[in-house]
Amino acid sequence: MPTDQANTWASVALLSPVPDTPQQVEVDADVLAKASALDALRVVGGNALYGRVTISGAKNAALPLLCAAILTRDPVQFTNVPVGLADIKTLSALLISFGVTVGLRSDGVAILRADNIKSTSASYDLVRKMRASILTLGPILAREGHAEVSLPGGCAIGTRPVDIHLGGFEKMGAKISIENGYIKASAPNGLHGAKVELPFPSVGATENIMMAATLAKGKTTIQNAAREPEIVALANCLNSMGAAISGQGTDTISIQGVEQLHGASFEVIPDRIEAGTFMLAVAMTGGKIILEKADIEPLESLVTLLQEAGVSVEEENGFVVVSRDPAKPLKGTDIMTAPFPEFPTDLQAQYMAMLALCEGAGMVTETVFENRFMHVPELNRMGANIRIQGNSAIVRGVEKLSGANVMATDLRASVALVLAGLVADGETTVNRIYHLDRGYENLVDKFRNLGAEVERVKGQ
Ligand code: EPZ
């Protein structure tokens, strides 16, 4: 490691002092969880938002990318990693438990090296904290020929099984069994290429199977593949490591297996969900914000809706400028979430918070997860008028929301409550904000820099 970089490693102020070179970093995700289990956000509504906000690297791109480092013995470097997220820290802890060297730096640089895998088992204790841990199964199985990963279990938004992941690995020759809550996968002679047809364009299953297929013998085709930008980023990174992948971004991805992969350096794409969250925030509060390091391309479905609602969205020399005159009423439109490029399920709760203030009524239909309306009762406690009918919610616009004590239940529901608090009369306290820590880097600072009255309240 060149001396200049060696010195900067020492300056890392993440979970624990990082040694001069990216060695084992004791990543104690528990410390983080304890630190914020009882913390809350206090929001005082009424301020329009003005100013600039820098969008972080995408959580849902960074997580599979870090897992891809398992596929080579060489060091892999990532930049623009949202190192402040709890999920990144939890995954780092899991990778370290496999024997991967993980170096995280506060400027978003991450260097990983899997030169020798000392364990192929992902413990329940870590997997239960973050279901994306399942994305280590494919790489470990492809690299070591066997893997034991705890079943991730459900979460607030649904049961979220992993049958599509496992079906793909079986097609590629792996033997899969479920014992004592663990997935035991083995392919002693290595995986072989296969034609895998996904029953649903699962993002995680597409990523897991694609990673495993890079080292399989022969060609794998994934049909009905997910088309999210995070899939394209992962495929492009794997190709920079020597993989032979084509079709990423379409519903058919082909992977020609290769002997081995080598190191690379790759920049994490901007977080389209964080960008969309800030665009909806200023749509609700009024004002004008400039998003830096945001990519508007993958947000077409949201931009169309916002423009129909009376919000201005412009791209000006690399920045995204979003504004709304607070005096102008908001007009809502029905939405239905669906896999990319349709409206993203991860923006459904935030859009519903805006819809609660639009003239007339609108319908929100959630087709991706079976229980992603946990924010509805909380929004109703703030004076919204929302009624759930099956996988749809009828939202009747109200004049005003009123501040209240509300409970966060999952990452995106949490931020929807913060958005509602930004416009509500009086004070809103959003409890259990450890959900927010998982997916939004420096959220309080970012909102405060835009003029919002938000502060983190330490739990008793
Ligand atoms: C990814 O989750 C994202 N997480 C989610 O973001 C996102 O909501 C989701 O994709 C959909 O876009 C990460 O990328 C880390 P899926 P994933 O597999 O891969 C069912 C956030 O807020 N399914 O596309 O788990 C599943 O139950 C998170 O950042 C199976 O039935 O999503 C769900 O109903 C939340 N069997 C649907 O498919 C399987 O084997 C979509 O799941 C896999 C999935």
Side-chain angles (χ1 to χ4, degrees), residues 56-68 82 85-88 90-91 94 127 129-138 149 151-171 176 178 183 185 196-211 222 224-234 251 268-269 271-277 298 301 337-351 366-375 391 408-416 435-441:
S56 298
K59 165 180 83 80
N60 292 349
L63 293 172
L65 286 169
L66 295 186
C67 295
L85 298 184
D87 276 7
I88 296 293
T90 303
L91 180 60
L94 177 59
V127 174
K129 283 195 183 71
M130 183 192 62
R131 56 171 285 105
S133 309
I134 190 70
L135 296 174
T136 59
L137 177 59
V149 175
L151 271 169
C155 73
I157 61 179
T159 51
R160 300 183 74 180
V162 289
D163 54 313
I164 303 175
H165 300 240
L166 303 184
F169 297 138
E170 283 179 323
K171 280 270 179 65
I176 304 274
I178 308 288
I183 301 162
V196 181
E197 164 96 34
L198 303 187
F200 179 87
S202 154
V203 170
T206 303
E207 291 165 344
N208 229 341
I209 295 163
M210 184 164 75
M211 286 191 281
I222 305 175
N224 196 26
R227 299 167 51 191
E228 276 70 2
E230 293 74 29
I231 306 271
V232 175
L234 178 61
D251 61 4
V268 177
I269 59 173
D271 193 319
R272 62 194 168 100
I273 303 302
E274 184 192 17
T277 301
S301 57
T337 68
F340 192 84
E342 303 309 322
F343 190 88
T345 175
D346 290 349
L347 282 174
Q348 178 257 103
Q350 301 92 309
Y351 182 82
E366 171 59 56
T367 70
V368 177
F369 288 103
E370 69 265 27
N371 183 33
R372 204 168 195 177
F373 285 148
M374 310 278 277
H375 41 287
N391 69 340
T409 50
D410 60 273
L411 170 56
R412 309 303 175 180
S414 317
V415 81
H435 293 292
L436 277 178
D437 294 335
R438 295 190 50 181
Y440 287 95
E441 217 181 18

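Counting convention: from 1, in listed order, for ligands and their atoms alike. When reading the values below, keep in mind they use all heavy atoms of this one structure, side chains included, and skip hydrogens, waters and symmetry mates. The first residue in the sequence is number 1, and the count goes up from there.
The distance from ligand 1 to the heavy atoms of Val368 drops below 4.0 Å at these ligand atoms: 33 (C), 34 (O), 37 (C), 41 (C). Ligand 1 places these atoms under 4.0 Å from at least one heavy atom of Phe200: 37 (C), 38 (O), 41 (C). Here is the list of ligand 1 atoms found below 4.0 Å of a heavy atom in Gly204: 18 (O), 19 (O). Residue Arg372 has at least one heavy-atom neighbour below 4.0 Å for each of these atoms of ligand 1: 8 (O), 22 (O), 35 (C). Within ligand 1, counting atoms from 1 as listed, the ones closer than 4.0 Å to a heavy atom of Lys59 are 21 (C), 29 (O).
Residue Pro161 holds the heavy atom nearest to atom 44 (C) of ligand 1 of all those in Ala226, Pro161, Ala205. Within the set Ala61, Ser202, Ser133, the minimum heavy-atom distance to atom 18 (O) of ligand 1 is found for Ser202. By heavy-atom distance, the residue among Val415, Val203, Asp410 lying nearest atom 12 (O) of ligand 1 is Val203. Which of Thr206, Asp346, Leu135, Asn208 comes nearest to atom 8 (O) of ligand 1 through a heavy atom is settled by distance: it is Asp346.
In terms of N/O distances under 3.5 Å, ligand 1 is not approached by Thr345. Checked against a 3.5 angstrom limit, the closest N/O atoms of Asn60 and ligand 1 fall inside it.
At a threshold of 4.5 Å between non-hydrogen side-chain atoms, the residues Val203 and Asn60 do not count as touching. Side-chain contact between Phe340 and Pro201 is absent, with no heavy atoms from C-beta onward closer than 4.5 Å.
Within the 4.0 Å heavy-atom cutoff, Arg131 counts among the residues contacting ligand 1.
At the shortest separation from atom 25 (O) of ligand 1 among protein heavy atoms lies Arg160 NH2, 3.0 Å. For atom 36 (N) of ligand 1, the closest non-hydrogen atom on the protein side is Asp163 OD1, 2.7 Å. Ranking protein heavy atoms by distance to atom 32 (O) of ligand 1, first place goes to Phe369 CZ, 4.2 Å. Closest to atom 22 (O) of ligand 1 among all protein heavy atoms lies Arg412 NE, 2.9 Å. Distance from atom 40 (O) of ligand 1 to its nearest protein heavy atom, with residue and atom name: Ile164 N, 2.7 Å.
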Before giving the answer on side-chain hydrogen bond (donor to acceptor under 3.5 Å, both in side chains), spell out for Tyr440 and Ser414 the whole-Å C-alpha distance, their side-chain angles and the decisive distance to 0.1 Å. CA-CA 10 Å; Tyr440 287 95; Ser414 317; over 6 Å; no
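Proximity of a side-chain donor or acceptor of Asn208 to a complementary backbone N or O of Ile134 within less than 3.5 Å is detected. The backbone N or O of Gly276 lies less than 3.5 Å from no partner atom in the side chain of Gln350, so there is not a single donor-acceptor pair. No donor-acceptor pair under 3.5 Å is formed between the side chain of Thr345 and the backbone N or O of Val368. Judged purely by atom type and a 3.5 angstrom limit, Asp271 has no side-chain atom pairing as donor or acceptor with the backbone of Ser56. A donor-acceptor contact shorter than 3.5 Å links the side chain of Thr367 to the backbone of Thr337.
Ionic pairing of Lys171 and Glu197 is not present here: no N-O contact between side-chain nitrogen and carboxylate oxygen is shorter than 4.0 angstrom. Salt bridge absent: Arg438 and Asp410 never bring a charged side-chain N and a carboxylate O closer than 4.0 Å.
Neither the backbone nor the side chain of Glu230 comes within 4.0 Å of ligand 1, counting heavy atoms alone.
The CG atom of Asp437 sits 9.0 Å away from the CG atom of Leu85 when rounded to the nearest 0.5 Å.
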